[in-house]
Asker: 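Let me begin by handing over the structure; questions about it come next.
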Amino acid sequence: MTVLELRDLRVTYEGGVPAVRGVDLSVARGEVLGVAGESGCGKSTISNAVLRLLPRGAKVEGQVLLDGEDVYGMSFGRLRAVRWATASIVFQGALHSLNPVRRVGAQIAEPIMLHSNATRRAADRRAGELLEQVGLPARRARDHPHQLSGGQRQRVLIALALACGPRLLIADEPTTALDVMVQAQVLALLSSLVRDMELSMVLISHDLSVLGSVCDRVAVMYAGRLVEQGPAAAVFDDPRHPYGAALAGAFPRVGDERFRYGPRGLPGDPPFPGDLPGGCEFHPRCPVALDRCATTDVELTALGDGRSSACLRAAEPALDLRGAS
Ligand code: ADP
Ligand code: MG
C-alpha cells in the first residue's frame, strides 16, 4: 500500500523560481525512502509541499497523495487533522525551534491535546512514554530545552513528531547539526522506530552515506529534479548517474579501496533554479559529459531492477561515472 505519492510535483516560488520541476515519488507502507542532494536542490521544498507548508505565493502543480487522498484538495479542517496524525515532519534546523521557555514535556503534550480529547494529565503521561520511546527518561519532560544536549533535543523533536501517531515521518536533515557519534545514535533510533511502529519514512540528507545505512530506496535530486533512483545499496555501491557517483564518492567509507586516494571532490555548486543551464542541468560539473549533454534534455529513465537514471550515458557498459582515469 502506498502511503505517499508525488505525481509530477512542481513548485515555483514567488518571483518564478522553479525549485521543484516535475518529481514523481512514492513511499510504501513501512518503507524508508532517502532523498539525497546538495543544498539548494529542492529537498526541503518537497517535504514542505507534502503538508502544504510552503510560503504564500509558492505555486504548486501536480499532485501530492497521502493514503491516496489529494492533499491540495483537502479542506483546511481535514488538512489540520492530517498534519501530525497522518504525516509529520522533523524540520531542518528544528534543533533551535523548541520553545526555550517551556518544558519539553508540555511542548509534546500540546499537539496530543489538540488532536484528541486527552486530558492534560493523560497527555503528560503520553509525553513521558514518548520520551522513553526515543531513549530519554520520562523525567526529562520537566527539563527546558537548554538543559538538553543537541542529540537529546533531536530526540525530543522526534518524540514530538510521533506524538499523534503518524504513519509517515518526514525527517529533513535530522542529523546534519549533530556530531558523528550522536548522528549514528539518532539514525539507529529512527530505524528502530520505523521498524517497531511500522512507520514509513522519508529521510532527507545531503550525505549519501547516512541514507545508505537506513533506507530501502534512495532518490537523488539535482536542480529540482530526480536524477537517479534505486535500492539504497545499489545507488551507493554502483551509482548510475555521475551526480550520484560524486555524492557517493564525497563520503568515503573506511576500508573501501575506491576511497584510498581520498574522496573525489565535486567542483562548483548546483545551479540557482532561476538560472539553469540547458540540456542536462548537471553537464557543467560532470566529469564524463559529452558535447550533446549540453543540448539534450534528459528524462529519468528506467534501467531495470527498480533503478532509474537521468544520464544519457547511464546504460554504457563499464563507464566509470566518477570520471576516474
Ligand atoms: P534543499 O532543501 O535541497 O537545500 P530547498 O528546497 O530549501 O533546497 O531550496 C530549493 C531552492 O528553492 C533553492 O534555490 C532556494 O534558494 C529556493 N527557495 C527555497 N525557499 C524559498 C522561498 N521561500 N522563496 C524563494 N526561493 C526559495
Ligand atoms: Mg533543505
Side-chain angles (χ1 to χ4, degrees), residues 4 6 8-25 27 32-62 64 71-72 87-97 150 154 157-158 161 168-178 183 186-187 190 201-211 214-215 217-229 235 241 243-244 246-248 250-251 266 268-278 280-282 284-285 300 310:
L4 172 67
L6 308 182
D8 195 26
L9 180 69
R10 295 165 186 271
V11 178
T12 310
Y13 285 109
E14 203 158 19
V17 179
V20 173
R21 301 178 303 121
V23 166
D24 292 280
L25 271 181
V27 184
V32 181
L33 173 75
V35 179
E38 287 163 290
S39 182
C41 286
K43 307 181 301 297
S44 297
T45 301
I46 286 187
S47 71
N48 290 327
V50 169
L51 288 180
R52 273 168 65 178
L53 294 166
L54 290 165
R56 205 178 267 278
K59 186 167 103 188
V60 179
E61 295 161 283
V64 177
V71 172
Y72 285 80
S88 66
I89 306 185
V90 180
F91 290 101
Q92 178 171 10
L95 232 42
H96 307 285
S97 77
Q154 190 59 287
L157 289 164
I158 294 168
L168 174 70
L169 194 63
I170 300 174
D172 190 358
E173 310 257 11
T175 64
T176 298
L178 303 173
Q183 204 172 65
V186 169
L187 285 174
L190 284 171
M201 179 161 75
V202 178
L203 179 60
I204 296 174
S205 177
H206 63 281
D207 181 341
L208 204 54
S209 67
V210 161
L211 303 180
V214 178
C215 300
R217 259 182 330 123
V218 169
V220 179
M221 269 194 99
Y222 191 76
R225 278 187 176 172
L226 298 190
V227 295
E228 170 157 19
Q229 200 182 162
V235 172
H241 190 286
Y243 183 60
L247 285 185
F251 301 97
L266 181 63
D269 295 300
F272 178 67
D275 186 20
L276 297 168
C280 166
E281 289 79 15
F282 186 59
R285 301 172 77 193
L300 196 65

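Numbering of ligands and ligand atoms starts at 1, following listing order. Every value quoted in this text rests on a predicted model; they were computed, and no experiment measured them.
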Asker: Using the side chain to side chain contact (heavy atoms under 4.5 Å, CB included) rule, pick out the option among Val64, Asp172, Val20 that qualifies with Ile46.
Answerer: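 Exactly one option meets the side chain to side chain contact (heavy atoms under 4.5 Å, CB included) with Ile46, and it is Val20.
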Asker: Closest heavy-atom contact between Leu226 and Met221?
Answerer: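 Looking at all heavy atoms of both residues, the shortest contact is CD2-CG, 3.5 Å.
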Asker: Kindly compute the distance separating CG (Leu203) from CG (Leu33), expressed to the nearest 0.5 Å.
Answerer: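 Reported to 0.5 Å precision, the distance equals 9.0 Å.
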Asker: Looking only at atom types and distance, does a side-chain atom of Glu281 sit under 3.5 Å from a main-chain N or O of Ala223, one as donor and one as acceptor?
Answerer: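 Here the side-chain-to-backbone pair does not exist.
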Asker: Determine, stepwise, if the pair Ile170 / Ser88 fulfils side chain to side chain contact (heavy atoms under 4.5 Å, CB included).
Answerer: CA-CA 6 Å; Ile170 300 174; Ser88 66; over 6 Å; no
Asker: Holding to salt bridge (Lys or Arg N to Asp or Glu O under 4.0 Å), I want the full list of residues that pass it with Asp8, two or more places apart in sequence or in another chain.
Answerer: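 Checked Asp8 against salt bridge (Lys or Arg N to Asp or Glu O under 4.0 Å); matches are Arg10.
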Asker: Just list the side-chain donor-acceptor pairs under 3.5 Å for residues 48-62, sequence neighbours left out, or say none.
Answerer:
{"residue": "Asn48", "atom": "ND2", "partner": "Ser44", "partner atom": "O", "Å": "3.2"}
{"residue": "Arg52", "atom": "NH1", "partner": "Val71", "partner atom": "O", "Å": "2.8"}
{"residue": "Arg52", "atom": "NH1", "partner": "Met74", "partner atom": "O", "Å": "3.1"}

Asker: Could you pull out every protein residue that has a heavy atom closer than 4.0 Å to ligand 1, ordered by chain and then number?
Answerer: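 Residues near ligand 1: Tyr13, Ala19, Glu38, Ser39, Gly40, Cys41, Gly42, Lys43, Ser44, Thr45, Pro55, Pro273.
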Asker: For Arg285 and Gly268, which heavy atoms make the closest approach, and how far apart are they?
Answerer: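 Arg285 and Gly268 have their closest heavy atoms at NH2-O, 2.8 Å.
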Asker: Counting no waters, what protein N/O/S atoms lie under 2.8 Å from the Mg ion (ligand 2)?
Answerer: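 Those protein N, O or S atoms (cut-off: under 2.8 Å from the Mg ion (ligand 2)) are Ser44 OG, Gln92 OE1.
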Asker: Over 60° means perpendicular and under 30° means parallel, so tell me whether Tyr222 and Phe282 are parallel, tilted or perpendicular.
Answerer: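 If you compare the ring of Tyr222 with that of Phe282, the planes turn out perpendicular.
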